[in-house]
Amino acid sequence: MGKNVTIQKIISILLHRLPLIILSGVLMALIFFLYSSIIIKPVYSTSAMIYVQNYGKRDADKSDDKGNTTPTTPTEPKKNSSFDTDSMQSNNELAQKIFNSDLAGSSALASNCVILFQNDPKVTEMYNDCDVAITTVNGSFYINISVKGTDPKKCKVVADNVVTRCSEVFLDRFNYGSISKIHDAYIPSSPISPNKMRNTLIGGAIGIVLACLISVLLELIDTTIKHDDDLSSIYKIPVFAEIPDFESSGR
């Protein structure tokens, strides 16, 4: 005959087996910690950043037939100009100011460069079994190259090689614009995964939950009567007397 299990009964069971539940949580947390420390390989991450610019009509430098570059110098606006839009824009271009159209063009160029870099074999062959992500930063003309792997030094080398190869591919594919490097990759000092503290807490929580479920389940499948409260709850009648078992007590 089954037992009537109430919330109070469950709480009583859990309190009765509280040491076992705590021990189970500690053991499971220790197992998860050792698994994260010994079995799972640490993963490191580093990144480098480059940017591209689309000059359009406003070239910062002009090259001669020999390939030498001569920087353009701003000119003074005419005193008797009519202040029309074209003349103002012309003066601003000579002054090398940045317009919204320049930023939009550079952003569009960066997006196209990301697609090119992600699919160009000259770039992908530099990955060297690492996880490489090439993305634009918030839709701007900045391009972030992040590398993940199990060897921190290898991650840095791969990131730097990808940056160099991206510059080569850009100069080979485009006849306009420019590409520059903002910062090199660094050697990561600590892994980004696994998170040992998080895994340990998860393991402890799993151990406690399993111990609680097993304790309640054992109580449900246990049909033995241990004290008079079990009789009262099963048969719904009070217990007026008890007959001791003298044989089991050694008398």
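Worth knowing before you read on, the calculation uses all heavy atoms, side chains too, and leaves out hydrogens, waters and symmetry mates.
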Side chain proximity check, F141 to L103, heavy atoms < 4.5 angstrom
yes

Between V52 and I179, which heavy-atom pair has the shortest distance, and what is it?
CG1-CG1, 3.8 Å

What about Y176 and L116, same hydrophobic cluster or not, with Ile/Leu/Val/Met/Phe/Trp/Tyr joined at side-chain heavy-atom distances under 4.5 Å?
yes

Give every donor-acceptor pair under 3.5 Å between a side-chain atom in residues 155-175 and any protein atom, sequence neighbours left out.
from, atom 1, to, atom 2, distance (Å)
K156, NZ, D160, OD2, 3.0
K156, NZ, A185, O, 2.9
D160, OD1, A185, N, 3.2
N161, ND2, V157, O, 3.2
T164, OG1, D160, O, 3.1
R165, NE, E168, OE1, 3.1
R165, NH1, K122, O, 2.9
R165, NH1, E125, OE2, 2.8
S167, OG, V163, O, 3.1
R173, NH2, D120, OD2, 3.3

Could you pull out all residues at least two apart from D184 that satisfy side-chain hydrogen bond (donor to acceptor under 3.5 Å, both in side chains)?
K181

Is it true that, when you exclude N119 itself, more than 12 heavy atoms of the residues, nucleotides or ligands shown sit nearer than 6.0 Å to its CG?
yes

Going by the rule side-chain contact (heavy atoms from CB on, under 4.5 Å), which residues pair with L210 if we only count those two or more places apart in sequence or in a different chain?
M28, I206

Sorted by chain and residue number, the side-chain contact (heavy atoms from CB on, under 4.5 Å) partners of I11 (sequence neighbours excluded) come out as I7, L15

With I21 via side-chain contact (heavy atoms from CB on, under 4.5 Å) - residues at least two apart:
L14, I208, A211, C212, S215

Value for SG (C113) from CG (L109), rounded to nearest 0.5 Å, stands at 4.0 Å

Measure the spacing between CZ of R198 and OG1 of T200 and express it to the nearest 0.5 Å.
10.5 Å

Within a strict 4.5 Å, meaning less than it, do heavy atoms of the I143 and F117 side chains meet?
yes

Nearest heavy-atom approach of S24 to G207 is OG-O, 3.1 Å

For I214, which of V216, L217, L218 qualifies under side chain to side chain contact (heavy atoms under 4.5 Å, CB included)?
L218

Do any N or O atoms from the side chain of T136 and from the backbone of Y142 form a donor-acceptor pair under 3.5 angstrom?
no

Assess whether side chain to side chain contact (heavy atoms under 4.5 Å, CB included) is satisfied between V123 and I134, documenting all intermediate values.
CA-CA 11 Å; V123 177; I134 304 176; 4.2 Å; yes

Taking atom OH of Y51 and atom OG of S140, what is their separation to the nearest 0.5 Å?
12.5 Å

Review item, side-chain donor-acceptor pairs of residues 35-50, under 3.5 Å, at least two apart:
from, atom 1, to, atom 2, distance (Å)
S36, OG, F32, O, 3.0
S36, OG, N199, ND2, 2.8
S37, OG, F33, O, 2.9
T46, OG1, Y186, N, 3.1
T46, OG1, Y186, O, 2.6

Going through the checks in order, is the side chain to side chain contact (heavy atoms under 4.5 Å, CB included) test met by V26 and L30?
CA-CA 6 Å; V26 172; L30 180 61; 5.5 Å; no

